[in-house]
Every structure is written in C-alpha cells, then in structure tokens.
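Contents: one structure, followed by commentary.
Quick note: residue numbers are just sequence positions, from 1.
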Amino acid sequence: MSTFSIFLILIVIVAFLLIVVIMVQNPKGGGLSSSFGGGGSQQVGGVKQTSDFLDKSTWALATLLLILILLSNVTIINNRTMQDSKLLDENQAPVENTQTNNLPPVDQE
C-alpha cells in the first residue's frame, strides 16, 4: 500500500468525522448540547462546555484535514520526481520495444 493510499484513507475518515461534528451542531444553541438534559438545571457537561468541545473539535478536524491534504500532495510530487529520475537515469540500459518485432508481415498489393 502506497503512502498516498494511506493519506487518502485518513482524509476520508477525517472528512467523515468533520461532517458528523458539523451536523451535530445547531447554530441556535441547541443540537447535541440541548439533548443532554433538556434545558433545565440537570445538564450533563453543560451547554457551554459541549459547544466549546464541538467548536474545538471542528477546528482540530479541519486543521488535520488541511494538513493531510497538503502532505498527500507532497507525496504525489515526491513520487513523480522519483519516477522521472528513474526514467532519466543515464546508468540504465535503454529499453527496446520488442512488440513491434512480433507483428505479422503486412501484404503490400
């Protein structure tokens, strides 16, 4: 498995988690925080702490997603550079195309 494939899998997982965290939030202050006790005095974790956690996790996942995308781009560039240098290496013998020698003769009438 290549490095790019690993980055691609991580990008998909982080993107999915980011979607879930954003969908859980409610811009009016409800969302996940209001389901932890209704809105009365019996709140688990409190509304402010839950919204802070969701806000911090959104920023952390978005930052992680950007970093993974940039790193995957670097691995693509490095991979292309390594492949190009192998093609342009002067120490390697030239590769002959043997497929053209196996073609049937062409009738010229």
Side-chain angles (χ1 to χ4, degrees):
M1 182 177 273
S2 69
T3 310
F4 179 73
S5 299
I6 294 170
F7 279 121
L8 188 62
I9 291 169
L10 289 174
I11 287 170
V12 169
I13 291 170
V14 170
F16 178 74
L17 290 174
L18 186 61
I19 290 170
V20 168
V21 168
I22 290 173
M23 293 300 287
V24 167
Q25 294 177 2
N26 189 356
K28 296 179 183 175
L32 181 66
S33 59
S34 67
S35 65
F36 273 135
S41 61
Q42 299 177 359
Q43 295 179 352
V44 177
V47 174
K48 180 70 175 157
Q49 292 176 350
T50 304
S51 61
D52 283 346
F53 170 74
L54 291 175
D55 187 41
K56 288 179 183 178
S57 62
T58 302
W59 281 105
L61 286 171
T63 305
L64 182 62
L65 184 65
L66 284 173
I67 290 170
L68 286 172
I69 289 170
L70 291 174
L71 286 175
S72 68
N73 191 20
V74 169
T75 59
I76 290 174
I77 291 171
N78 286 341
N79 192 15
R80 284 185 186 163
T81 305
M82 289 174 56
Q83 287 176 354
D84 290 343
S85 66
K86 288 179 186 176
L87 291 175
L88 299 176
D89 191 10
E90 295 175 5
N91 297 332
Q92 290 182 344
V95 178
E96 296 180 18
N97 190 356
T98 57
Q99 288 181 334
T100 57
N101 297 338
N102 296 333
L103 293 175
V106 178
D107 292 334
Q108 295 179 352
E109 293 182 21

Gap between atom CG of Leu54 and atom CH2 of Trp59 - 0.5 Å precision: 14.5 Å

Are Leu18 and Phe53 linked, directly or through intermediate hydrophobic residues, by side-chain heavy-atom contacts shorter than 4.5 Å (ILVMFWY only)? yes

What heavy-atom pair brings Val21 and Ser57 nearest, and what distance separates the two atoms? CG1-OG, 3.5 Å

Atom of Ser72, atom of Phe7 and distance for their closest heavy-atom approach: CB-CB, 3.7 Å

Nearest-0.5 Å distance that lies between atom CD1 in Ile6 and atom CG in Leu68: 11.5 Å

Starting from Ile19, can I reach Ile22 by hopping between I/L/V/M/F/W/Y residues whose side chains sit under 4.5 Å apart? no

When rounded to the nearest 0.5 angstrom, what is the spacing between CD1 in Ile9 and CZ in Phe4? 10.5 Å

Here the gap from Leu66 atom CG to Ile11 atom CD1, rounded to the nearest 0.5 Å, amounts to 10.0 Å

Does any part of the side chain of Ile69, heavy atoms only, come nearer than 4.5 Å to the side chain of Asn73, both counted from C-beta? no

Compare every heavy atom of Gln25 with every heavy atom of Asp55, then report the nearest pair and how far apart it is. N-NE2, 3.9 Å

Between CG of Leu10 and CG of Leu64, what distance do you get to the nearest 0.5 Å? 8.0 Å

Are Leu65 and Ile67 connected in a single hydrophobic cluster, I mean Ile/Leu/Val/Met/Phe/Trp/Tyr linked by side-chain heavy atoms less than 4.5 Å apart? yes

What I'd like to find out is whether the side chain of Val74 reaches to under 4.5 Å of the side chain of Leu70, using heavy atoms alone. no

In this structure, CD1 of Ile76 is separated from OG1 of Thr3 (nearest 0.5 Å) by 11.0 Å

